[in-house]
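Below, chains carry the letters A, B, ... as their sequence lines are ordered, and counting in each starts from 1.
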There are 4 protein chains.
Amino acid sequence: MPRIDLNCDMGESFGAWHMGNDEAVLEHVTSANVACGFHAGDPRTMRATVKAALAKGVAVGAHPGFADLQGFGRRPMTLSGSEAYETVLYQVGALAGFARAAGARLSHVKAHGMLYNMAAKDAGLAEAIVQAVHDFDRELVFFGLAGSELVRAARKAGLRTASEVFADRSYQDDGSLTPRAQPGAMIEDVEASIAQVKRMVLEGLVRSVSGKDVPVEADTLCIHGDQPGAVAFARRIRDELQRAGVEVAPLGAA
Amino acid sequence: MPRIDLNCDMGESFGAWHMGNDEAVLEHVTSANVACGFHAGDPRTMRATVKAALAKGVAVGAHPGFADLQGFGRRPMTLSGSEAYETVLYQVGALAGFARAAGARLSHVKAHGMLYNMAAKDAGLAEAIVQAVHDFDRELVFFGLAGSELVRAARKAGLRTASEVFADRSYQDDGSLTPRAQPGAMIEDVEASIAQVKRMVLEGLVRSVSGKDVPVEADTLCIHGDQPGAVAFARRIRDELQRAGVEVAPLGAA
Amino acid sequence: MPRIDLNCDMGESFGAWHMGNDEAVLEHVTSANVACGFHAGDPRTMRATVKAALAKGVAVGAHPGFADLQGFGRRPMTLSGSEAYETVLYQVGALAGFARAAGARLSHVKAHGMLYNMAAKDAGLAEAIVQAVHDFDRELVFFGLAGSELVRAARKAGLRTASEVFADRSYQDDGSLTPRAQPGAMIEDVEASIAQVKRMVLEGLVRSVSGKDVPVEADTLCIHGDQPGAVAFARRIRDELQRAGVEVAPLGAA
Amino acid sequence: MPRIDLNCDMGESFGAWHMGNDEAVLEHVTSANVACGFHAGDPRTMRATVKAALAKGVAVGAHPGFADLQGFGRRPMTLSGSEAYETVLYQVGALAGFARAAGARLSHVKAHGMLYNMAAKDAGLAEAIVQAVHDFDRELVFFGLAGSELVRAARKAGLRTASEVFADRSYQDDGSLTPRAQPGAMIEDVEASIAQVKRMVLEGLVRSVSGKDVPVEADTLCIHGDQPGAVAFARRIRDELQRAGVEVAPLGAA
């Protein structure tokens with residue numbers, strides 16, 4: 001039976017500032033990537049988000065990012081391999097503490113924002129992130145962009161991996177995402193998004209911007225929780241996938 | 001056989017700034033309280049300190065403090081009970097990640113600076129800190145000022161406790177430390193310091209500033225690593241205690 | 001002709017996180033207290049807020065707070081007098097730079113949150129804040145709670161002061177605000193709020209919770225911009241005051 | 001009469017952490033570049049450093065850097081032009097506040113670490129930094145690497161510039177510094193350093209690593225205050241320059 005996980009970034013509030021619609025999104029996703037305090041999140045938000053996810057039976061993962069609160073982890077920073085290792089290990093440990101105190105286990109790790117984007121293409125950075133996750137707990141599922149250095153590094157290290165795909169992004173002939181700056185990068189039509197996801201999950205193929213059928217692994221689908229219509233889209237894609245005979249379930253050990 | 005642990009705050013460097021003399025102090029102490037990034041320390045320093053402590057067979061503990069890097073965690077801050085719980089849990093989890101990645105376990109937790117001082121007298125704050133440690137791992141040894149609310153709260157929660165004593169501070173009739181602002185608070189004579197420690201460990205008594213013999217529990221002695229003469233004092237007190245038939249050993253589960 | 005300034009805290013967004021309704025509130029107030037990056041605000045937000053205020057002819061003031069982004073400057077912290085001086089001077093200077101680069105001058109300073117509350121009662125803290133403002137620019141108008149240590153210290157230092165009053169808070173017999181924890185602290189009825197403000201401005205009196213008429217100085221009225229109904233209330237109170245013959249205008253040098 | 005300024009980065013302590021040897025270095029330099037709290041420095045350190053510099057008659061400048069305390073502003077970060085403008089304006093304003101409160105004026109601005117290095121080669125980044133300084137106070141002297149985009153952008157904006165040269169770095173045929181990773185980048189021999197500086201100041205030439213005489217402008221010489229031997233070197237170079245008939249004096253308006 002074909003199967004997919006639906007993941008969403010969560011716990012992105014900070015102090016007095018609110019972001020996202022976590023409670024509503026948690027009704028529809030199967031994995032929560034929880035911010036760890038470096039690009040978003042704080043101890044209070046982390047605790048509350050872990051609790052809310054567990055209450056809904058959603059798998060809890062760490063979502064470490066660059067130490068750039070003001071830039072929300074979206075600005076490029078150059079870290080050495082050991083700095084990347086240490087910053088990821090710190091954040092994963094901190095979030096795992098909240099899971100543990102709530103009587104649960106961390107299920108997965110997904111890098112955030114520019115750390116994810118840079119490591120998708122930079123084997124050395126990907127390996128540093130993977131090594132931190134591996135050294136912390138080799139049972140964790142490692143989320144990475146399908147076909148990227150993140151997935152390659154995690155496999156090489158012997159971690160279970162989840163290849164991530166996107167509903168609202170178009171793909172190129174080599175299976176990579178069309179850069180946002182290029183025309184046609186975003187798929188704005190909901191029906192086209194749903195069709196792309198179904199085909200990725202059921203056939204392992206995606207139609208590239210040039211019209212070619214390209215193989216793609218689809219273990220987990222990224223739901224953007226902070227966009228208008230996110231909750232409705234999450235509900236809709238879940239229904240559509242289940243109706244098409246796809247099992248929607250988390251990948252983690254939990 | 002009488003027994004004592006020698007603990008020291010460590011890993012208090014931050015980024016490009018160096019503090020302390022950890023390598024030398026690690027030769028003589030049995031427990032390292034490692035700063036967790038909120039009042040001092042950073043991911044790189046935490047990793048290096050954990051590694052250095054383990055290499056010397058020194059027990060690794062977390063040393064969480066107020067989120068006040070500029071004030072080194074020494075300025076009073078008012079946190080609610082849940083804020084205190086969350087800030088301690090975050091820091092303990094982060095440090096435990098470095099211990100785990102190094103193949104070791106966290107052995108203990110000791111609050112830092114003003115968090116320690118305030119919680120020593122504030123039962124609610126002490127309970128919040130204790131609860132975080134308890135929820136994270138009830139095998140951890142909880143360090144607190146002998147006779148304080150910290151020790152009381154930890155016992156109530158069923159945690160193993162270590163009552164901490166000081167070599168360079170004088171005591172009052174009720175077993176509390178003489179406030180630093182009062183005359184006679186500090187014991188500057190090394191021989192008097194050593195005599196005080198030996199009596200606390202061997203007889204369970206301390207001579208108060210008013211000349212009264214006061215009972216005191218002494219499970220662990222605090223070594224101030226950042227002071228001139230700290231390394232020499234650590235070596236000396238260890239030798240003196242061992243010569244007096246005291247076993248110098250860590251208390252943790254490790 | 002009686003006169004009052006309407007002030008509002010602004011620029012309280014941070015990085016990716018939005019707060020407040022500054023554009024709309026700026027239509028109705030005469031002074032903007034702009035967060036300076038320690039409890040809220042960041043360089044981008046400060047620049048944009050200064051620009052927006054100047055475009056509406058609203059006086060720009062600095063709104064320094066405790067260095068506690070996570071707690072939004074609302075948690076008590078204990079600073080020495082020199083620490084308070086330095087933290088205020090830093091923030092005022094930073095905001096003044098944005099005013100200057102925009103071709104304008106800073107008009108006033110109002111402490112934020114718990115720094116304001118603590119200094120209202122603590123003469124030493126109030127004097128440290130006042131001294132920083134005085135040393136930076138003695139032309140600045142110093143905003144403080146009517147009848148508080150803030151106003152007293154500013155007058156003593158020779159600064160122009162603005163006694164701040166509140167529309168939605170009740171007063172006690174000694175002219176101080178009823179603590180929020182007490183019943184009757186908040187005035188929830190809009191008509192009662194408006195009546196209180198008009199009487200404070202026109203007669204220099206406020207009816208205390210015990211029913212006594214108490215003298216109060218009212219130079220500036222605090223508008224809470226982040227509350228639902230804030231914009232409507234600001235427009236309404238401005239209209240009512242103008243209809244009653246009160247000039248609504250800023251106090252600063254600008 | 002030939003003339004040169006001797007500048008040194010200062011005020012790089014942070015909170016409880018000490019760095020540098022400012023008091024001793026201030027005896028020999030003519031311009032102090034004071035850290036502004038983003039990569040180093042804090043309000044207390046800034047105030048003390050400004051005071052110490054003024055007491056010695058040393059010109060006070062701002063030394064803004066990336067907001068990366070942990071990396072000391074030495075790690076590459078990618079900022080948009082407006083982000084660079086805002087981060088520099090904030091820091092310059094904050095430091096100028098301390099100068100103003102001390103009854104003095106800011107004399108110059110020099111970007112720190114990786115912000116300086118990146119802007120030396122990136123015209124857009126250099127222009128953003130220059131624009132912030134220009135908008136704040138067009139009387140400020142702008143320090144930049146001799147021959148770099150920093151100097152070019154400042155001239156274009158009509159600012160007074162100071163071309164900075166180094167005693168301990170070798171130069172290439174195009175007048176740029178030999179990258180540190182290349183052999184021969186550092187000049188470790190003190191006599192060779194002194195000879196290079198004297199020739200730059202007196203003849204406007206530097207002998208490149210390939211042996212070619214290359215023209216170089218030398219308005220200010222960077223003294224590295226945090227290195228062993230820095231104070232002795234500063235004294236020595238000052239003496240040597242004065243003996244060679246060079247006036248050692250600040251460039252600023254102060």
With a 4.5 Å heavy-atom cut-off, do B:V58 and B:M10 have their side chains touching? no
Of all the heavy-atom pairs spanning D:A35 and D:A40, show the shortest one and how long it is. CB-O, 3.5 Å
Given side chains that start at C-beta, do those of B:V88 and B:F136 come closer than 4.5 Å, heavy atoms only? no
Using only distance, no hydrogens or angles, which N or O donor-acceptor pairs sit under 3.5 Å between chain B and chain D?
unit_1, atom_1, unit_2, atom_2, d
B:E12, O, D:W17, NE1, 2.8
B:W17, NE1, D:E12, O, 2.8

Per-residue contact mode, B:F14 against chain D (heavy atom under 4.5 angstrom): both
Is the shortest side-chain heavy-atom distance between B:L106 and B:V60 below 4.5 Å? yes
Measuring from atom CG of B:L54 to atom CZ of B:F98, what distance do you get when rounded to the nearest 0.5 angstrom? 13.0 Å
Taking C-beta and beyond as the side chain, do D:L150 and D:F143 meet within less than 4.5 Å on heavy atoms? no
